[in-house]
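Along the sequence shown, residues are numbered consecutively beginning with 1. No hydrogens, no waters, no symmetry mates; every other heavy atom, side chains included, goes into these values. If you're wondering where the values come from, they're calculated on a predicted model, not measured in any experiment.
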Amino acid sequence: MSFLKNFFGSEETPKQQESKINWELLTDVDQLGEIIFNSNEKPAVIFKHSTRCSVSRMALKQFENEFDLQDKITPYFLDLITYREISNEIANRFNVYHESPQILLIKDGKSVYDASHSDIDAGDLSDKL
């Protein structure tokens, strides 16, 4: 059983696992207003993650390994299984089609870039700044 857990990952959030990203957990829809407001000074990235999906876990691990923008971007993590209403509101406010896993770059109050699945790449994100 531990082989499968190691292969497919676990349902832990990044705060529980070792991560070099200092994630802000997105747990309240009101935080979206703060993200929009603060993105005028410092861009934000929202990582929408499904704790039930092995593809999402792999994309998250790869993104965390490549991410080196901590001083340039505020990173937010959304467990979209637990907070589905926030995920829906993200799609509405930023006019993006919901996918999982998915990242959105929020700059000047708008989503200026989004990627999903295997297209999630920290290097591409850096190029969009």
Side-chain angles (χ1 to χ4, degrees):
M1 186 63 113
S2 66
F3 167 75
L4 292 176
K5 184 175 180 181
N6 288 336
F7 182 74
F8 290 109
S10 67
E11 293 188 13
E12 297 174 338
T13 65
K15 289 277 188 193
Q16 293 168 321
Q17 296 176 353
E18 289 299 316
S19 172
K20 67 180 184 178
I21 300 178
N22 188 23
W23 291 107
E24 296 286 335
L25 298 181
L26 189 48
T27 59
D28 189 304
V29 74
D30 292 336
Q31 287 175 278
L32 295 178
E34 296 170 17
I35 292 169
I36 290 168
F37 180 79
N38 292 334
S39 73
N40 291 303
E41 297 295 322
K42 184 178 182 183
V45 65
I46 299 172
F47 193 106
K48 293 171 48 179
H49 173 64
S50 171
T51 56
R52 296 180 186 162
C53 175
S54 61
V55 171
S56 190
R57 270 190 291 282
M58 289 181 355
L60 176 61
K61 286 178 184 179
Q62 179 178 337
F63 183 79
E64 288 181 321
N65 288 335
E66 296 173 351
F67 186 84
D68 64 353
L69 303 169
Q70 192 70 45
D71 295 333
K72 297 177 183 176
I73 295 176
T74 304
Y76 289 86
F77 177 86
L78 175 65
D79 173 348
L80 64 88
I81 301 298
T82 304
Y83 300 103
R84 183 58 191 222
E85 72 281 356
I86 298 173
S87 179
N88 292 340
E89 187 60 24
I90 287 170
N92 289 333
R93 283 200 197 184
F94 298 112
N95 198 29
V96 295
Y97 182 77
H98 163 76
E99 296 193 67
S100 168
Q102 183 176 41
I103 60 168
L104 291 86
L105 175 61
I106 311 302
K107 193 172 178 183
D108 298 322
K110 300 175 189 154
S111 175
V112 296
Y113 171 74
D114 66 273
S116 63
H117 299 86
S118 62
D119 291 334
I120 294 174
D121 185 286
D124 289 347
L125 182 65
S126 179
D127 294 342
K128 303 300 179 189
L129 290 175

(request) Indicate, with yes or no, if I35 and L25 share a hydrophobic cluster defined by side-chain heavy-atom contacts under 4.5 Å among Ile, Leu, Val, Met, Phe, Trp and Tyr. (result) no

(request) Over all heavy atoms of both residues, which pair between A59 and P101 is shortest? Give the atoms and the distance, please. (result) CB-CG, 3.8 Å

(message) Test of understanding: with ring pair (Phe, Tyr, Trp, His ring centres under 6.0 Å), list the residues that count as partners of F67, not counting sequence neighbours.
(response) F63

(request) Nearest 0.5 Å please: distance from the CD1 atom of I21 over to the CG atom of N65. (result) 9.0 Å

(request) Using a 4.5 Å cut-off on heavy atoms from C-beta on, say whether the side chain of Y113 contacts that of I103. (result) yes

(request) Kindly write out the residues that satisfy ring pair (Phe, Tyr, Trp, His ring centres under 6.0 Å) with Y76, not counting sequence neighbours, or none if the list is empty. (result) none

(request) Just jot down the side-chain hydrogen bond (donor to acceptor under 3.5 Å, both in side chains) partners of S116, sequence neighbours excluded, or say none. (result) E99

(message) So, taking the atom named CD1 in I90 and the one named CD1 in I46, what distance separates them when rounded to the nearest 0.5 Å?
(response) 4.5 Å

(request) For residues S111 and V96, report the shortest heavy-atom separation together with the two atoms involved. (result) OG-CG1, 3.9 Å

(message) Holding to side-chain hydrogen bond (donor to acceptor under 3.5 Å, both in side chains), I want the full list of residues that pass it with E34, two or more places apart in sequence or in another chain.
(response) none

(request) Could you pull out the closest heavy-atom pair between D79 and F77, with the gap in Å? (result) N-CE2, 3.9 Å

(message) Test side chain to side chain contact (heavy atoms under 4.5 Å, CB included) on R93 and I36; report intermediate values, then the result.
(response) CA-CA 10 Å; R93 283 200 197 184; I36 290 168; 4.2 Å; yes

(request) May I have the step-by-step check of side chain to side chain contact (heavy atoms under 4.5 Å, CB included) for F47 and L60, ending in yes or no? (result) CA-CA 8 Å; F47 193 106; L60 176 61; 3.8 Å; yes

Between side-chain atoms of residues 117-129 and protein atoms elsewhere (two or more places apart, or another chain), which donor-acceptor pairs fall under 3.5 Å?
unit_1: H117; atom_1: NE2; unit_2: S100; atom_2: O; d: 3.1
unit_1: D121; atom_1: OD1; unit_2: G123; atom_2: N; d: 2.7
unit_1: D121; atom_1: OD1; unit_2: D124; atom_2: N; d: 2.9

(message) Just checking N95: does its CG atom have more than 12 heavy atoms from other residues, nucleotides or ligands closer to it than 6.0 angstrom?
(response) no

(request) Report whether W23 and L78 are members of the same hydrophobic cluster (ILVMFWY, side-chain heavy atoms less than 4.5 Å apart, transitive linking). (result) no

(request) Identify the two heavy atoms, one from I86 and one from T27, that lie closest to each other, and give their separation to 0.1 Å. (result) CD1-C, 3.3 Å

(message) Apply side chain to side chain contact (heavy atoms under 4.5 Å, CB included) to residues I73 and L105 and explain how you reach the verdict.
(response) CA-CA 9 Å; I73 295 176; L105 175 61; 4.3 Å; yes

(request) Identify the heavy atoms of N22 and P75 that sit nearest to each other, and give their distance. (result) O-CG, 3.7 Å

(message) I'd like to check K48 versus L26 (side-chain heavy atoms, cut-off strictly below 4.5 Å). Are they in contact?
(response) no

(message) With rounding to the nearest 0.5 angstrom, report the CG to CD distance, L80 to Q102.
(response) 9.0 Å

(request) Quick one: pull up CG in N92 and CZ in F94 and give me the separation to the nearest 0.5 Å. (result) 11.0 Å

(message) Could you measure the distance from the NZ atom of K110 to the CG atom of L104? Nearest 0.5 Å is fine.
(response) 15.0 Å

(message) A quick test of your reading: do over 12 heavy atoms of other residues, nucleotides or ligands sit less than 6.0 Å from CD of E85?
(response) yes

(request) Determine the minimum heavy-atom distance between S56 and H49, stating which atoms define it. (result) OG-ND1, 2.7 Å

(message) Applying side chain to side chain contact (heavy atoms under 4.5 Å, CB included), can you list everything that pairs with D28, at least two apart in sequence or on another chain?
(response) D30, Q31

(request) Would you please test Q70 and K20 for side chain to side chain contact (heavy atoms under 4.5 Å, CB included) and show each step? (result) CA-CA 9 Å; Q70 192 70 45; K20 67 180 184 178; over 6 Å; no

